[in-house]
Colleague: 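I have a structure I would like to understand better, so I am pasting it below and will then ask my questions one at a time.
Count residues from 1 along the sequence. As a basis for the values below, the full set of heavy atoms in this structure was taken, side chains included, without hydrogen atoms, waters or symmetry mates.
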Amino acid sequence: MILSDTDITARLEVGDLVISPRRPGAILPGSIDLHLGQQFLGYPQAERIIQVDPTDPDRPQMQPIPTEDGSVLLSPQFMGGSNSFLLGHTAETITLPIDLCGRIEGKSSLGRLGLAVHITAGFVDPGFRGQVVVELVNLSPVPIRLRVGMRIAQICLLRMSSSASAGYGHAKFGSHYQGQVGARAGSPVRHREPLGIGV
(Lines give C-alpha, C1' and ligand atoms only; values in the text may rest on other atoms or scores of the structure.)
Protein backbone atom coordinates (compact mmCIF):
# COMPACT_ATOMS: atom_id res chain seq x y z
CA MET A 1 0.00 0.00 0.00
CA ILE A 2 1.41 3.40 -1.02
CA LEU A 3 1.35 6.02 1.71
CA SER A 4 -0.75 9.12 1.07
CA ASP A 5 0.39 12.63 1.86
CA THR A 6 -1.59 12.39 5.11
CA ASP A 7 0.25 9.23 6.16
CA ILE A 8 3.63 10.60 5.03
CA THR A 9 3.14 13.73 7.12
CA ALA A 10 2.06 11.69 10.14
CA ARG A 11 5.13 9.43 9.94
CA LEU A 12 7.42 12.44 9.56
CA GLU A 13 5.88 13.96 12.66
CA VAL A 14 6.35 10.70 14.61
CA GLY A 15 9.99 10.86 13.56
CA ASP A 16 10.69 7.27 12.48
CA LEU A 17 10.56 8.45 8.85
CA VAL A 18 13.07 11.21 8.18
CA ILE A 19 13.58 13.33 5.05
CA SER A 20 16.22 15.99 5.60
CA PRO A 21 16.11 18.74 4.66
CA ARG A 22 12.32 19.00 4.41
CA ARG A 23 11.42 21.48 1.70
CA PRO A 24 8.12 23.35 1.42
CA GLY A 25 5.82 21.81 -1.17
CA ALA A 26 7.84 18.59 -1.48
CA ILE A 27 5.08 16.31 -0.18
CA LEU A 28 2.76 15.34 -3.03
CA PRO A 29 -0.47 13.27 -2.85
CA GLY A 30 1.43 9.95 -2.94
CA SER A 31 5.14 10.76 -2.93
CA ILE A 32 7.86 13.16 -1.80
CA ASP A 33 9.91 15.21 -4.25
CA LEU A 34 13.69 14.80 -4.10
CA HIS A 35 16.27 17.27 -5.36
CA LEU A 36 19.57 16.84 -7.18
CA GLY A 37 22.74 16.92 -5.08
CA GLN A 38 26.03 18.47 -6.13
CA GLN A 39 28.30 15.46 -6.82
CA PHE A 40 28.47 13.44 -10.04
CA LEU A 41 30.51 10.41 -11.09
CA GLY A 42 31.25 9.19 -14.61
CA TYR A 43 33.81 7.29 -16.68
CA PRO A 44 36.39 9.73 -18.03
CA GLN A 45 37.65 8.66 -21.46
CA ALA A 46 35.07 5.88 -21.54
CA GLU A 47 36.06 5.05 -25.11
CA ARG A 48 39.37 3.66 -23.76
CA ILE A 49 37.73 1.17 -21.38
CA ILE A 50 37.52 -2.31 -22.91
CA GLN A 51 35.16 -3.71 -20.30
CA VAL A 52 33.90 -3.37 -16.74
CA ASP A 53 33.70 -6.64 -14.80
CA PRO A 54 31.35 -6.07 -11.84
CA THR A 55 33.04 -8.90 -9.88
CA ASP A 56 36.54 -7.41 -10.27
CA PRO A 57 37.53 -5.06 -7.41
CA ASP A 58 40.28 -3.65 -9.67
CA ARG A 59 37.87 -2.73 -12.48
CA PRO A 60 37.93 0.82 -13.95
CA GLN A 61 36.43 3.23 -11.45
CA MET A 62 34.08 6.13 -12.01
CA GLN A 63 35.60 9.54 -11.30
CA PRO A 64 34.15 12.89 -10.16
CA ILE A 65 32.68 14.99 -12.97
CA PRO A 66 33.01 18.74 -12.35
CA THR A 67 29.96 20.96 -12.55
CA GLU A 68 29.80 24.15 -14.61
CA ASP A 69 28.17 26.94 -12.59
CA GLY A 70 26.22 24.39 -10.57
CA SER A 71 25.11 22.30 -13.54
CA VAL A 72 26.20 19.36 -15.66
CA LEU A 73 25.42 18.59 -19.29
CA LEU A 74 24.14 15.04 -19.85
CA SER A 75 24.91 13.91 -23.40
CA PRO A 76 22.59 11.63 -25.39
CA GLN A 77 23.24 7.95 -24.72
CA PHE A 78 24.13 7.13 -28.32
CA MET A 79 26.88 9.79 -28.35
CA GLY A 80 28.89 8.00 -25.65
CA GLY A 81 31.58 9.86 -23.76
CA SER A 82 31.92 10.62 -20.09
CA ASN A 83 28.60 12.45 -19.76
CA SER A 84 26.16 10.04 -21.38
CA PHE A 85 25.73 8.13 -18.11
CA LEU A 86 26.34 9.71 -14.72
CA LEU A 87 25.71 8.84 -11.12
CA GLY A 88 24.25 11.64 -9.04
CA HIS A 89 22.54 11.73 -5.68
CA THR A 90 19.66 13.28 -3.84
CA ALA A 91 20.27 16.41 -1.78
CA GLU A 92 18.00 14.87 0.85
CA THR A 93 19.09 12.27 3.37
CA ILE A 94 16.41 9.62 3.93
CA THR A 95 15.83 7.33 6.89
CA LEU A 96 13.20 4.61 6.49
CA PRO A 97 11.72 2.63 9.40
CA ILE A 98 11.71 -1.16 9.10
CA ASP A 99 8.03 -1.33 8.13
CA LEU A 100 8.37 0.96 5.07
CA CYS A 101 10.24 0.59 1.79
CA GLY A 102 10.55 3.08 -1.03
CA ARG A 103 10.48 3.33 -4.82
CA ILE A 104 12.39 6.08 -6.61
CA GLU A 105 10.53 7.31 -9.69
CA GLY A 106 11.25 10.00 -12.24
CA LYS A 107 9.43 13.29 -12.57
CA SER A 108 7.07 13.38 -15.55
CA SER A 109 8.39 16.72 -16.79
CA LEU A 110 11.90 15.23 -16.97
CA GLY A 111 10.77 11.90 -18.37
CA ARG A 112 9.12 13.77 -21.24
CA LEU A 113 12.53 15.20 -22.07
CA GLY A 114 14.03 11.70 -22.23
CA LEU A 115 15.75 11.66 -18.85
CA ALA A 116 15.86 8.41 -16.85
CA VAL A 117 16.79 8.72 -13.17
CA HIS A 118 17.32 5.04 -12.48
CA ILE A 119 18.08 2.04 -14.64
CA THR A 120 17.05 -0.82 -12.36
CA ALA A 121 18.06 0.30 -8.87
CA GLY A 122 14.96 2.21 -7.85
CA PHE A 123 14.21 0.22 -4.68
CA VAL A 124 15.01 1.58 -1.22
CA ASP A 125 15.10 -1.06 1.54
CA PRO A 126 13.41 -0.73 4.91
CA GLY A 127 15.91 0.57 7.44
CA PHE A 128 17.97 2.42 4.81
CA ARG A 129 19.65 5.63 5.92
CA GLY A 130 21.53 7.96 3.58
CA GLN A 131 21.33 9.92 0.37
CA VAL A 132 19.93 8.02 -2.61
CA VAL A 133 22.11 7.57 -5.70
CA VAL A 134 20.37 8.31 -9.00
CA GLU A 135 21.50 6.70 -12.28
CA LEU A 136 21.15 9.42 -14.88
CA VAL A 137 20.75 8.45 -18.53
CA ASN A 138 19.75 10.74 -21.39
CA LEU A 139 17.57 8.74 -23.81
CA SER A 140 16.75 11.73 -26.00
CA PRO A 141 18.65 12.86 -29.13
CA VAL A 142 19.75 16.18 -27.56
CA PRO A 143 21.87 17.09 -24.50
CA ILE A 144 20.04 17.86 -21.24
CA ARG A 145 21.43 20.29 -18.67
CA LEU A 146 20.87 19.21 -15.08
CA ARG A 147 21.11 21.80 -12.32
CA VAL A 148 22.08 21.16 -8.72
CA GLY A 149 19.04 21.65 -6.48
CA MET A 150 16.43 20.94 -9.18
CA ARG A 151 13.64 18.46 -8.52
CA ILE A 152 15.09 15.25 -9.94
CA ALA A 153 12.91 12.40 -8.66
CA GLN A 154 10.21 11.38 -6.22
CA ILE A 155 10.01 8.60 -3.67
CA CYS A 156 6.84 6.59 -3.07
CA LEU A 157 6.65 4.92 0.33
CA LEU A 158 5.06 1.51 0.69
CA ARG A 159 3.87 -0.09 3.93
CA MET A 160 5.07 -3.70 4.15
CA SER A 161 2.87 -6.59 5.31
CA SER A 162 4.91 -6.63 8.54
CA SER A 163 8.11 -5.08 9.85
CA ALA A 164 11.30 -6.58 8.48
CA SER A 165 13.23 -8.90 10.83
CA ALA A 166 16.10 -6.42 10.62
CA GLY A 167 16.65 -3.26 8.61
CA TYR A 168 19.05 -2.55 5.79
CA GLY A 169 22.51 -2.07 7.26
CA HIS A 170 22.22 -4.99 9.68
CA ALA A 171 25.38 -7.10 9.76
CA LYS A 172 23.58 -10.22 8.51
CA PHE A 173 22.80 -8.56 5.16
CA GLY A 174 26.27 -7.26 4.27
CA SER A 175 24.74 -3.94 3.18
CA HIS A 176 27.17 -1.78 1.20
CA TYR A 177 25.45 1.57 1.06
CA GLN A 178 24.09 2.31 4.53
CA GLY A 179 24.86 5.89 5.50
CA GLN A 180 26.07 6.84 2.02
CA VAL A 181 26.63 10.51 1.26
CA GLY A 182 27.04 11.91 -2.23
CA ALA A 183 27.38 10.08 -5.53
CA ARG A 184 28.85 6.67 -4.80
CA ALA A 185 29.87 4.03 -7.35
CA GLY A 186 28.85 0.39 -7.01
CA SER A 187 30.67 -2.08 -4.79
CA PRO A 188 32.07 -5.26 -6.40
CA VAL A 189 29.45 -7.93 -6.98
CA ARG A 190 30.26 -11.06 -4.98
CA HIS A 191 31.27 -13.88 -7.32
CA ARG A 192 29.84 -17.31 -6.67
CA GLU A 193 30.65 -20.63 -8.30
CA PRO A 194 28.36 -21.29 -11.30
CA LEU A 195 25.52 -23.68 -10.72
CA GLY A 196 25.91 -27.11 -12.25
CA ILE A 197 23.51 -28.36 -14.92
CA GLY A 198 20.37 -29.78 -13.39
CA VAL A 199 20.96 -28.05 -10.06
Colleague: With rounding to the nearest 0.5 angstrom, report the CD1 to CG distance, I155 to L96.
Modeller: 5.5 Å

Colleague: Start with the C-alpha distance between V133 and L41, add both sets of side-chain angles, then the distance that settles side-chain contact (heavy atoms from CB on, under 4.5 Å), and finish with yes or no.
Modeller: CA-CA 10 Å; V133 168; L41 295 177; over 6 Å; no

Colleague: Between D16 and R11, is the closest basic N to carboxylate O distance under 4.0 Å?
Modeller: yes

Colleague: Let me confirm one number: the CZ-CD1 distance from R22 to I27, rounded to the nearest 0.5 Å.
Modeller: 5.0 Å

Colleague: What distance separates I32 CD1 from I94 CD1, expressed to the nearest 0.5 Å?
Modeller: 7.5 Å

Colleague: I need the R23 CZ to D33 CG distance, nearest 0.5 Å.
Modeller: 10.0 Å

Colleague: If I take atom CG from residue L36 and atom NE2 from residue H89, how far apart are they, to the nearest 0.5 angstrom?
Modeller: 7.0 Å

Colleague: Kindly give the heavy-atom pair with the smallest separation between S140 and P76, and that separation in Å.
Modeller: O-CB, 3.2 Å

Colleague: State, with a plain yes or no, whether a side-chain heavy atom of M62 is found less than 4.5 Å away from one of F40.
Modeller: no

Colleague: Could you walk me through whether L100 and R159 pass the side-chain contact (heavy atoms from CB on, under 4.5 Å) check?
Modeller: CA-CA 5 Å; L100 296 180; R159 184 176 293 116; 4.1 Å; yes

Colleague: Do I8 and L158 land in one hydrophobic cluster if side-chain heavy atoms of ILVMFWY residues count as linked below 4.5 Å?
Modeller: no

Colleague: In terms of hydrophobic clusters joined by side-chain contacts under 4.5 Å, are M160 and L157 together?
Modeller: no

Colleague: Show which residues join V142 in its hydrophobic cluster (side-chain heavy-atom contacts under 4.5 Å, direct or indirect), or state none.
Modeller: none

Colleague: How long is the gap from CG on L86 to CG on N138, to the nearest 0.5 Å?
Modeller: 10.0 Å

Colleague: I98 and V18: same hydrophobic cluster, using ILVMFWY side-chain contacts below 4.5 Å?
Modeller: no

Colleague: Kindly write out the residues that satisfy side chain to side chain contact (heavy atoms under 4.5 Å, CB included) with R145, not counting sequence neighbours, or none if the list is empty.
Modeller: E68, S71, L73, R147

